[in-house]
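The structure presented is a predicted model; accordingly, all values stated were derived computationally and were not measured. All ligand and atom numbering here is 1-based and tracks the order in the structure.
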Amino acid sequence: MTIRPNDFLDIDSLLSDEERAIRDVVRAFVNDRVIPAIGDWFEAGTIPRELAGELGALGVLGMHLEGYGCAGASATAYGLTCLELEAADSGVRSLVSVQGSLAMYAIHRWGSEEQKQEWLPRLASGEAIGCFGLTEPDAGSDPGAMRTRARRDGPDWILHGQKMWITNGGVADVAIVWARTDDGIRGFLVPRDTPGFTTQDIHKKLSLRASVTSELLLDDVRLPADALLPEATSLRGPLSCLNEARYGIVWGAMGAARACLEAALAYSQERIAFGRPIAATQLQQAKLADMAVEVNRGTLLALHLGRLKDQGRLAPEQVSLGKLANVNAALHVARTARQILGANGITLEYPVIRHMNNLESVVTYEGTADVHALVVGGALTGTQAFR
Ligand code: TGC
Ligand code: FAD
């Protein structure tokens, strides 16, 4: 058995032929379409709108959902896809996560048959883009404190409020907006052209630059009765969607980490200091070994959670443990890799600082590391420490 640096533990052998085939197709797309351009997109703070259509044609938008133009792939195959996408950039994985795991999942899980027919095929193909508005300026970790309200006016609903930090917001054709009503927190489908609904993109980000992040403004937006997601009746509605996206991040973070390890390994073998490659020094080898431990352990963890999810046995607290562990591990790997690259590590000529900066968003969104530590702590002790 020969050791392969990019798959030290031969995790490949734990995958089925179909899983490997899906992984390879996504990897080829990413290598061809994203990697050559991503540094420029990041620097310019853009991501091409047409990428959504290309990802739809690839079959990865809502790929883990059944019917309505979705591929019905396994959770493990979806996870492997997230890993390959995030090996390119967290922004590209974010686009796919928000589309498939948040916007499409919300409609698939909580929507009416008419809503599914109307939106899911267009979202699966990437013809339409969706976003998911839960966070507000004063309600992030505690979405139950949201102020956005929806009130009845005859058969219609009137929405008023503001959502903040919304991925895909400025380019979305439909926003899933969560709002407080007299009957608890409910979800609404808000088409882009609805009067009173506007978006404003957030600039000056130093992280997730190849991703659209926006504010959603709802100024007495009037919606018909059938804009309501009928099956979601409490905070459980949006939180169940977050489980899906967090699961993708458990895998995705290992993609970013693997890319950093590969970059650091290659660099260390080429970079000469004191007359020898830095890869030949004990200090740098210890760092590389430490990074390989994190990448292999985290990928095995993701695969284990994927198998549990495919068996219908994955608990939200286990997803929290995975997100906490793997994003922290990826950040550690990225920061270590950045140091191995020396001064070159601060430029966009190499992927490392881009991943490192992106991971600062990844550790914050979809529940901060603190939130997931408290979820795990609550499950361990039986005592909730949030309030
Ligand atoms: P709590 O009282 O615990 O629960 C309220 C209701 O929700 C249920 N529940 C869950 N259901 C499914 N999955 C979960 N993970 C759930 N967690 C709780 C719970 O059973 C209860 O149901 P019911 O039927 O009794 O009503 O709620 P809490 O207010 O104490 O909050 C708990 C807490 C802090 C864990 C939760 O609020 C939380 O997860 N906060 C973090 C918020 C967050 O993650 N926001 C993410 C926004 S979206 C985003 O960041 C997208 S970035 C994507 C990208 O670009 O990739
Ligand atoms: P806060 O909740 O204000 O937290 C600030 C600090 O306090 C954190 O360190 C936190 O861990 C800590 N803290 C909070 N509560 C406790 C506690 N009880 N005990 C101890 N410490 C605590 N949201 C969406 O709805 N949709 C999106 O598409 C979306 N995309 C995003 C994209 C990007 C690039 C970013 C950066 C964010 C995005 N978000 C999105 C928002 C994201 O989910 C929130 O930023 C996140 O939930 C944290 O909320 P906050 O920023 O308000 O931080």
Derivation and outcome, salt bridge (Lys or Arg N to Asp or Glu O under 4.0 Å), residues Asp182 and Arg152: CA-CA 9 Å; Asp182 289 341; Arg152 283 275 193 192; over 6 Å; no
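Closest to atom 32 (C) of ligand 2 by heavy atom, among Thr167, Leu134, Asn358, Asp138, is Thr167. For atom 36 (C) of ligand 2, the nearest non-hydrogen atom from the set Ser141, Ser361, Gly367 comes from Ser361.
Other residues sharing a hydrophobic cluster with Phe197 under the 4.5 Å side-chain heavy-atom criterion for ILVMFWY residues are Trp157, Leu159, Ile166, Val177, Phe188, Val190, Leu216, Leu218, Val221, Leu223, Leu228.
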Which pairs of N or O atoms, one from ligand 1 and one from the protein, are separated by less than 3.5 Å, and what is the distance for each pair?
{"residue": "ligand 1", "atom": "13 (N)", "partner": "Asn243", "partner atom": "ND2", "Å": "2.8"}
{"residue": "ligand 1", "atom": "15 (N)", "partner": "Asn243", "partner atom": "OD1", "Å": "2.9"}
{"residue": "ligand 1", "atom": "24 (O)", "partner": "Arg236", "partner atom": "NE", "Å": "3.3"}
{"residue": "ligand 1", "atom": "26 (O)", "partner": "Ser234", "partner atom": "OG", "Å": "3.0"}
{"residue": "ligand 1", "atom": "29 (O)", "partner": "Arg387", "partner atom": "NH2", "Å": "3.1"}
{"residue": "ligand 1", "atom": "30 (O)", "partner": "Arg387", "partner atom": "NH1", "Å": "2.8"}
{"residue": "ligand 1", "atom": "39 (O)", "partner": "Arg246", "partner atom": "NH2", "Å": "2.9"}
{"residue": "ligand 1", "atom": "40 (N)", "partner": "Ser141", "partner atom": "O", "Å": "2.9"}
{"residue": "ligand 1", "atom": "44 (O)", "partner": "Arg246", "partner atom": "NH2", "Å": "2.7"}
{"residue": "ligand 1", "atom": "44 (O)", "partner": "Gly367", "partner atom": "N", "Å": "2.8"}
{"residue": "ligand 1", "atom": "50 (O)", "partner": "Glu366", "partner atom": "N", "Å": "2.9"}
{"residue": "ligand 1", "atom": "55 (O)", "partner": "Ser94", "partner atom": "OG", "Å": "2.8"}
{"residue": "ligand 1", "atom": "55 (O)", "partner": "Thr167", "partner atom": "OG1", "Å": "3.0"}
{"residue": "ligand 1", "atom": "56 (O)", "partner": "Arg93", "partner atom": "NH1", "Å": "3.1"}
{"residue": "ligand 1", "atom": "56 (O)", "partner": "Ser94", "partner atom": "OG", "Å": "3.1"}
{"residue": "ligand 1", "atom": "56 (O)", "partner": "Tyr365", "partner atom": "OH", "Å": "3.4"}

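Protein heavy atoms are found inside the 4.0 Å sphere centred on atom 46 (C) of ligand 2. Of the protein's heavy atoms, none falls inside 4.0 Å of atom 5 (C) of ligand 2. When distances from atom 29 (C) of ligand 2 to the protein are checked, a heavy atom turns up under 4.0 Å. The nearest protein heavy atom to atom 16 (C) of ligand 2 is not closer than 4.0 Å. In this structure, atom 2 (O) of ligand 2 is in close contact with the protein, since a protein heavy atom lies within 4.0 Å of it.
Thr213 and Lys205 form a side-chain donor-acceptor contact under 3.5 Å, judged by distance and modelled atom types alone.
Put simply, part of Thr364 is less than 4.0 Å from ligand 2, judged by heavy atoms. Remark: distances from the non-hydrogen atoms of Asn168 to ligand 2 are all 4.0 Å or more. Contact analysis puts Glu366 in contact with ligand 2, with a non-hydrogen atom separation below 4.0 angstrom.
Here Asp290 does not pair with Lys287 in a salt bridge; the nearest charged N to carboxylate O distance is not below 4.0 Å.
Taking any N or O of Asp142, backbone or side chain, none lies under 3.5 Å from an N or O belonging to ligand 2.
A search for side-chain hydrogen bond (donor to acceptor under 3.5 Å, both in side chains) contacts involving Arg23 returns Asp12, not counting sequence neighbours.
Listed by first and then second residue, the side-chain hydrogen bond (donor to acceptor under 3.5 Å, both in side chains) pairs that reach into residues 316-330 are Ser320-His372, sequence neighbours excluded.
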